[in-house]
Amino acid sequence: MKRLDVITIGRSSVDLYGAQIGGRLEDMASFNKYIGGSPTNMACGTARLGLKSALITRVGDEHMGRFIREKLVAEGVDVQGVVTDPERLTALVLLGVRDQEQFPLIFYRENCADMALCEDDIDPEFIASSRCVTVTGTHLSHPKTRAAVLKAVRLARETGAKTALDIDYRPNLWGLSGHGDGENRFIASDAVTKELQATLHLFDLIVGTEEEFHIAGGVTDTLEALENVRVVSNATLVCKRGPMGAVAFTDKVGKSLDDGISGPGFAVDVFNVLGAGDGFMSGLLKGWLSDEDWQTSLKYANACGAFAVSRHGCTPAYPSWDELQFFFDRGIKTPELRNDAELEQIHWSTNRTGEWPEMRVFAFDHRMQLEDLADELGVSRARIGLFKKLCLTAALEVGGNKQGYGVLCDPRLGRDALYAAAGTGLWIGRPVEQPGSRPLEVEIGTDFGSALAQWPVEHVVKVLCFYHPDDDAATKADQEETVLRLAQAARANGLELLLEIVSSKVGPCDQQTASSVIERFYEIGVYPDWWKLEPMKCDTAWKNACEAISHHDPYCRGIVVLGLEAPESELAASFEVAARHKLVKGFAVGRSIFASVARDWLSGTITDDAAITSMAKRYRALCDTWDAARKKSGGAA
């Protein structure tokens, strides 16, 4: 048994996609940042479909190189073969969507890191650990990278692994046209044909568009080109035909492209063709390496390609396995897949990165309470920011580099602490509500989308809403509209949402209160990634809440329990009940940890170190209490 299913080899870049649609690349005003490069896209696309994938490439020793490496890890791709190049920069690509047929792009690849890939980067043991090695044509264009690719392919064949080639022909990456011609997909070249044909016998699977087989076969008649490829290779040939799907030839090439094996196609609206071939290849590899027949493998491939052309970006567009199965089971509701709310929710929730099976969150996003305390003690409110940095230090002292720890911190009073938390590995939640407001008001202005566009993607939008099922109609409508707009803005900006509900300060609560509120928000189209709920002492109340969430969103991240400044004994009792439920991931507690310490520190009776030590002790004790409750529950039902 080999530990990897597929290793892809070749290009890795940062794709800067124009956010504006329908104009020239010259007129793009902002860009979305994704990972890119065909082998990188395929590694992620296959990982999303459940294959154990890895990538061999080079990235720069800088921010963009680290971005690629971190995203690969987050997507579940093995990065053992990703080499950090100390001398060269990571490749960049600028791309845009002008219309349904024009997709301008510029490759920034002069002496880039991935083109320095060499034979020394190919580890025989690593190659031997995979069932398949997949390469793309670009890295056959230069003697140094070509040698590395061929070494990997030959080693794969020696160890019984399958080999695959995506021709991936980009004329300007073979030096046949200028920088401004990145969109061009075909220029005839005897030299390129000769270079390709010298390698085709090494592959078990060769995939390309009709134009790509034209360059591989040396003629512009597709059937003749396929015949020419067949002369030098026994590989299964898969020819992509755009909206007409794809065909596979396992043996002889027929008299017509229709003689090949085909799979069902999917009629969808074409929004962006960039990266569609890599999505197609991801689905094809999933079927091929799962020993599916070619009809099924092509079905996977066509569907993944359909997803890709329907969305913005390359890797971000590719489906998860659950999403793909849902799509097959339910079918197409609208050709514009990106506007299918049900499908997009599954796409979002099954492709989020990062795992948080346990959540131990130190919440110090409090503003009103700390401002009132500072005023009461007669000290400057400016000291609150310094105190929040001490809170962060305490959180890091307890959480360190361990998984499952986080903070809630605001940017108004706790800006320095919030910024310092970036990149620490902590889960970071950031509040937007105006403290104590009811009906709900927010601190980020009225244009939620523009405000959230300035947030780092690792920040989770947290909003507290004082909401009760018995609220009057006007209050309900007001608060629901605000939460819905906020949820839509968060999703549009790629940010997760934590919705905190407090009902007990509004009216009496029973076993149905929390679940009825949850039902209502799902009814109006709010799908939080996280819920933050009040501690409930009744097991039935927790069961009702969990069932409501699971019914509407089986992929929800989970629930965290808030504290409401309860003493440790009460928190322990509430944890014991909550921990019985798997969907409850942990807690987000603040004042129970910092309240008395804040009073002592602001009044000057304890030092910075004493404050950190005291809060770390309380936070650690609370974590131990939660862990004990979870252990007692047997790991949650």
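For this chain, numbers begin at 1 and follow the sequence in order. Since this is a predicted model, take the numbers as computed values, not measurements.
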> Of the options Val59, Val79, Val82, which is the one that meets Ile68 in a side chain to side chain contact (heavy atoms under 4.5 Å, CB included)?
Val59
> Could you walk me through whether Arg11 and Asp168 pass the salt bridge (Lys or Arg N to Asp or Glu O under 4.0 Å) test, one step at a time?
CA-CA 11 Å; Arg11 285 192 286 135; Asp168 185 36; 2.8 Å; yes
> Tell me whether the count of non-hydrogen atoms from other residues, nucleotides or ligands lying under 6.0 Å of CG in Asn234 goes above 12.
no
> Taking atom types as modelled, is there a side-chain donor on Arg48 or Ser320 under 3.5 Å from an acceptor on the other?
no
> Less than 6.0 angstrom separating the ring centers of Phe307 and Phe266, yes or no?
no
> Given Glu344 and Arg311, is the salt bridge (Lys or Arg N to Asp or Glu O under 4.0 Å) satisfied, shown in steps?
CA-CA 10 Å; Glu344 284 297 290; Arg311 292 169 171 158; 2.8 Å; yes
> Among residues at least two apart in sequence or on other chains, which ones pass side chain to side chain contact (heavy atoms under 4.5 Å, CB included) with Thr163?
Val153, Ala156, Arg157, Phe203, Asp204
> Between Asp61 and Arg88, does the salt bridge (Lys or Arg N to Asp or Glu O under 4.0 Å) criterion hold? Intermediate values first, please.
CA-CA 8 Å; Asp61 187 14; Arg88 298 168 182 82; over 6 Å; no
> Can you tell me which residue pairs pass the salt bridge (charged side-chain N to carboxylate O under 4.0 Å, His left out) test with a partner in residues 260-272, sequence neighbours excluded?
Asp269-Arg338
> Taking salt bridge (charged side-chain N to carboxylate O under 4.0 Å, His left out) as the cut-off, I'd like each qualifying pair that reaches into residues 116-126, sequence neighbours left out, listed once.
Arg58-Asp121
> Can you tell if the side chain of Arg109 reaches within under 4.5 Å of the side chain of Met115, non-hydrogen atoms only?
yes
> Give a yes or no on this: more than 12 heavy atoms of other residues, nucleotides or ligands lie within 6.0 Å of atom CD of Gln102.
yes
> Quick one: which of Thr209, Asp221, Thr222 gives a side chain to side chain donor-acceptor pair (under 3.5 Å) with His214?
Thr222
> Please find the pair of heavy atoms, one from Ala47 and one from Val77, that lie closest to each other, and give the distance.
CB-CG2, 4.1 Å
> Tell me whether Lys162 forms a cation-pi arrangement with Trp288, defined as NZ or CZ under 6.0 Å from the six-membered ring centre and within 45 degrees of its axis.
yes
> Between Glu342 and Arg330, is there a side-chain N and carboxylate O pair less than 4.0 Å apart?
yes
> Within the 3.5 Å criterion, strictly below it, is a donor on Thr315 or Asn41 matched to an acceptor on the partner's side chain?
yes
> Heavy atoms, side chains only, cut-off 4.5 Å: are Leu155 and Ile122 in contact?
yes
> Pairs of donor and acceptor atoms involving the side chains of residues 235-256, under 3.5 Å and at least two apart or interchain, shall be tabulated with distances.
from, atom 1, to, atom 2, distance (Å)
Arg241, NH1, Asp258, OD1, 3.1
Ser256, OG, Asp258, N, 3.0

> Any side-chain heavy atom of Phe67 sitting closer than 4.5 Å to one from Lys33?
yes
> Is the charged tip of Lys299 near the ring of Phe328: under 6.0 Å from the six-membered ring centre and within 45° of its axis?
yes
> For Asp529 versus Trp348, what's the shortest heavy-atom pair and its separation?
OD1-NE1, 2.7 Å
> Does either side chain, that of Asp340 or that of Thr334, offer a donor lying less than 3.5 Å from an acceptor on the other one?
no
> Check Leu196 against Ala216 and note the closest heavy-atom contact, atom names and distance.
CD1-CA, 4.1 Å
> Do we see a donor-acceptor contact under 3.5 Å between the side chains of Glu292 and Ser297?
no
> Ignoring hydrogens and geometry beyond distance, is a side-chain donor-acceptor pair present between His312 and Tyr34 at under 3.5 Å?
yes
> Just checking, any donor-acceptor pair under 3.5 angstrom between side chains of Ser12 and Thr57?
yes
> Under the rule for side chain to side chain contact (heavy atoms under 4.5 Å, CB included), what residues qualify as partners of Leu92, not counting sequence neighbours?
Val14, Met64, Tyr108
> Just grab all the salt bridge (charged side-chain N to carboxylate O under 4.0 Å, His left out) pairs involving residues 126-145, residues at least two apart or on different chains.
Asp5-Arg131
> May I ask you to check whether Tyr300 and Trp321 place their ring centers less than 6.0 Å from one another?
yes
> Can you see whether Gln20 engages Ser30 through a side-chain donor-acceptor pair at a distance of less than 3.5 angstrom?
yes
> Would you say the side-chain atoms of Gln295 and Ser262 include a donor-acceptor pair closer than 3.5 Å?
no
> Are side-chain heavy atoms of Leu49 and Tyr318 found at a separation under 4.5 Å?
no
> Take Glu458 and Arg352, measure what salt bridge (Lys or Arg N to Asp or Glu O under 4.0 Å) needs, and give me the verdict at the end.
CA-CA 11 Å; Glu458 69 172 335; Arg352 286 175 303 218; over 6 Å; no
> Would you say Asp329 has more than 12 foreign heavy atoms packed within less than 6.0 Å of its CG?
yes
> Would you indicate whether the side-chain heavy atoms of Leu16 and Met28 approach each other to under 4.5 Å?
no
